[in-house]
2 protein chains.
Amino acid sequence: MSSQPVEDAAPVGRVQRKRGRRVQEILSTAAELFGERGYDAVSLDDVAERLDVTKGSLYYYFPGKDELAVAAIETLGADWTGRLERLAATAEGPPHERLRALIREHVAIAVGEYPAALRLFLVPSTWPDDPRERIKELRRRHDQVFRGVLEEGLASGEFAVTGLETTLQCMHAAMAQAPLWCGGLESDARERALDELADTLVKLVAAAQ
Amino acid sequence: MSSQPVEDAAPVGRVQRKRGRRVQEILSTAAELFGERGYDAVSLDDVAERLDVTKGSLYYYFPGKDELAVAAIETLGADWTGRLERLAATAEGPPHERLRALIREHVAIAVGEYPAALRLFLVPSTWPDDPRERIKELRRRHDQVFRGVLEEGLASGEFAVTGLETTLQCMHAAMAQAPLWCGGLESDARERALDELADTLVKLVAAAQ
DNA sequence: TACTATATTGACTCTCGGGTCAAAGTTTGC
DNA sequence: GCAAACTTTGACCCGAGAGTCAATATAGTA
């Protein structure tokens with residue numbers, strides 16, 4: 001929004017870029033941790049330890065835990081949604097196959113990398129509006145990937161739903177909870193469980209034939 | 001709350017029964033609070049305040065926060081499941097109507113009374129086995145109500161599922177998250193949203209005809 | 001090399017919330 | 001009425017974890 005003087009905006013000095021890279025390192029480490037355990041269960045000491053620095057350093061880059069967490073969650077969300085968007089763009093086949101692939105990839109990421117993602121969307125309602133809005137925005141962009149495929153299938157008559165948004169919410173909920181009940185399974189059993197989950201969720205859009 | 005005492009009260013003295021009643025008061029108040037906000041967001045001072053006593057009193061009845069919380073969650077779960085069991089026992093009609101009624105009642109309770117119930121099942125994995133097992137047991141009994149209706153419909157051929165347990169997990173997940181996305185709606189809009197949710201979830205068991 | 005900007009440290013403060021306990025208050029039973 | 005049992009209080013301890021900051025180390029630059 002607020003544009004800066006030209007010399008500050010475009011070609012930032014080497015030092016600035018280095019700082020930028022450091023910020024990214026911190027965010028990506030923090031995203032890992034928050035994705036594994038959720039906001040409450042991660043302390044700044046935890047983040048610092050995984051980065052091999054001390055807590056004080058983090059305050060050189062972020063004003064506080066909340067800001068770091070929101071930025072980390074945005075990093076996590078951008079990564080996750082980005083991968084789904086790429087899949088949606090390249091996947092071939094009829095809508096139900098593409099939808100199934102999306103679901104399958106989503107839960108694979110959830111179970112394997114961000115098992116606590118569910119907790120991240122349970123933002124305490126005591127948080128200020130700005131960060132809550134930013135997290136909702138992540139969710140919107142994420143849902144948009146699924147919504148696209150759903151609308152495609154609805155247009156072609158291959159899908160039918162009671163309500164589009166409700167269907168999306170149900171899918172999202174079931175996928176988000178997947179780590180809870182198949183996180184502990186052996187890898188082959190887990191694969192089968194996730195396959196079954198995908199098949200089950202595809203039923204939500206089945207056209208009565 | 002319409003629950004019967006969870007604790008088996010063997011000892012008979014008047015004093016003992018009075019103590020038992022006090023325990024139930026505490027549990028039912030604590031269940032309210034934990035159901036509203038979840039474990040982490042409720043302090044013992046909060047529980048004590050709603051009971052118009054001080055924190056110290058709680059330690060006269062429970063050895064610590066965890067024990068109080070687990071007992072309160074069991075109270076909450078017994079109340080909730082009891083209401084669903086009663087509904088399942090009295091409801092008339094074909095399986096899909098009875099299932100729909102169960103779903104509708106479940107989300108009504110979730111949204112109206114225990115909006116944070118979702119958090120209660122996100123038990124930190126650092127907890128000891130005993131309480132975690134007790135909470136899982138609650139979940140089992142709860143699922144059993146739905147499983148009963150599902151099996152009935154499957155037996156009659158009115159339902160078809162990809163996998164019974166997976167279907168249950170999906171239903172449970174979607175119902176648990178309902179408070180997140182229709183908690184803020186006006187009451188009539190909310191009723192419509194919950195109706196739509198119930199219709200959507202019933203699709204999970206639709207037999208391909 | 002010397003000087004400056006940047007980055008990191010570690011010891012510090014502060015608050016919150018779980019848990020303890022002796023003392024005071026209340027109820028019970030004789 | 002009164003002693004014993006039961007219940008509640010409120011002041012206290014403690015550890016965890018967020019946040020602060022002067023001192024120090026490192027990197028960049030002339």
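This structure is a prediction, so every number in the text was calculated from the model and none was measured. Residue numbers start from 1 in every chain, and the chains themselves are labelled A, B, ... in the order their sequence lines are given, proteins ahead of strands. Reckoned from all heavy atoms, side chains included, excluding hydrogens, waters and symmetry mates.
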(request) Check whether more than 12 heavy atoms from other residues, nucleotides or ligands sit under 6.0 Å from atom CG of A:D129, and answer yes or no. (result) no

(message) Under 4.0 Å between a side-chain nitrogen and a carboxylate oxygen: does that hold for B:K203 and B:D199?
(response) no

(message) Output the rounded distance in Å from CD1 (B:I26) to C1' (D:dT8).
(response) 11 Å

(message) Between B:E32 and B:R50, does any side-chain N to carboxylate O distance fall below 4.0 Å?
(response) yes

(request) Taking atom types as modelled, find out whether A:T162 and B:E196 have a side-chain donor-acceptor pair closer than 3.5 angstrom. (result) no

(message) Rounded to whole Å, how long is the line connecting atom CD of B:E49 with atom C1' of D:dT8?
(response) 17 Å

(request) Walking along DNA chain C from 5' to 3', note the first and the last nucleotide with an atom under 4.0 Å from a heavy atom of chain A, and give both. (result) C:dT6 to C:dG10

(message) When you measure from the centre of the six-membered ring of A:F121, is the NZ or CZ of A:K136 closer than 6.0 Å and no more than 45° off the axis?
(response) no

(request) State which residues pass salt bridge (Lys or Arg N to Asp or Glu O under 4.0 Å) with B:R98; sequence neighbours excluded, sorted by chain then number. (result) B:E152

For nucleotides 28-30 of chain D, give me every protein contact, N/O to N/O, under 3.5 Å, one pair per line with atom names.
from: D:dG28; atom 1: OP1; to: A:R14; atom 2: NH2; distance (Å): 3.3
from: D:dT29; atom 1: OP2; to: A:R14; atom 2: NH1; distance (Å): 3.4

(request) Using a cut-off of 6.0 Å, state whether more than 12 heavy atoms not belonging to A:E97 lie near its atom CD. (result) yes

(request) Determine, for A:Y60 and A:R22, whether the Lys NZ or Arg CZ falls below 6.0 Å from the six-membered ring centre while staying within 45 degrees of the axis. (result) no

(request) Pull out every residue in residues 51-69 of chain A that has a heavy atom closer than 4.0 Å to any atom of DNA chain D, ordered by number, or say none. (result) A:K55, A:Y59, A:G64, A:K65

(message) Given the ring of B:F34, does B:R119 sit roughly above its face, with NZ or CZ under 6.0 Å from the centre of the six-membered ring and within 45° of the axis?
(response) no

(request) Mark yes or no: A:K65 above the aromatic ring of A:Y39, with NZ or CZ under 6.0 Å from the six-membered ring centre and no more than 45 degrees from the axis. (result) yes

(message) Less than 4.0 angstrom between a side-chain N/O of B:R19 and OP1 or OP2 of D:dT7, yes or no?
(response) yes

Donor-acceptor list for residues 138-151 of chain B side chains, cut-off 3.5 Å, not counting sequence neighbours:
from: B:R139; atom 1: NE; to: B:D143; atom 2: OD1; distance (Å): 3.4
from: B:R139; atom 1: NE; to: B:D143; atom 2: OD2; distance (Å): 3.2
from: B:R139; atom 1: NE; to: B:H172; atom 2: NE2; distance (Å): 3.4
from: B:R139; atom 1: NH2; to: B:Q169; atom 2: OE1; distance (Å): 3.0
from: B:R140; atom 1: NE; to: B:E137; atom 2: OE1; distance (Å): 3.0
from: B:R140; atom 1: NH2; to: B:E133; atom 2: OE2; distance (Å): 3.1
from: B:R140; atom 1: NH2; to: B:E137; atom 2: OE1; distance (Å): 3.2
from: B:R141; atom 1: NE; to: B:E85; atom 2: OE2; distance (Å): 3.2
from: B:R141; atom 1: NH2; to: B:E85; atom 2: OE1; distance (Å): 3.1
from: B:H142; atom 1: NE2; to: B:H106; atom 2: NE2; distance (Å): 3.1
from: B:Q144; atom 1: OE1; to: B:R147; atom 2: NH1; distance (Å): 2.7
from: B:R147; atom 1: NE; to: B:E165; atom 2: OE2; distance (Å): 3.1
from: B:R147; atom 1: NH2; to: B:E165; atom 2: OE1; distance (Å): 3.0
from: B:R147; atom 1: NH2; to: B:E165; atom 2: OE2; distance (Å): 3.4

(message) Tell me whether B:E105 is salt-bridged to B:R86, with the criterion being a basic N under 4.0 Å from an acidic carboxylate O.
(response) no

(message) So if I take residues 34-45 of chain A and measure heavy-atom distances to DNA chain C, which residues fall below 4.0 Å?
(response) none

(message) To the closest 0.5 Å, what do you measure between SG (A:C182) and CZ (A:R192)?
(response) 12.0 Å

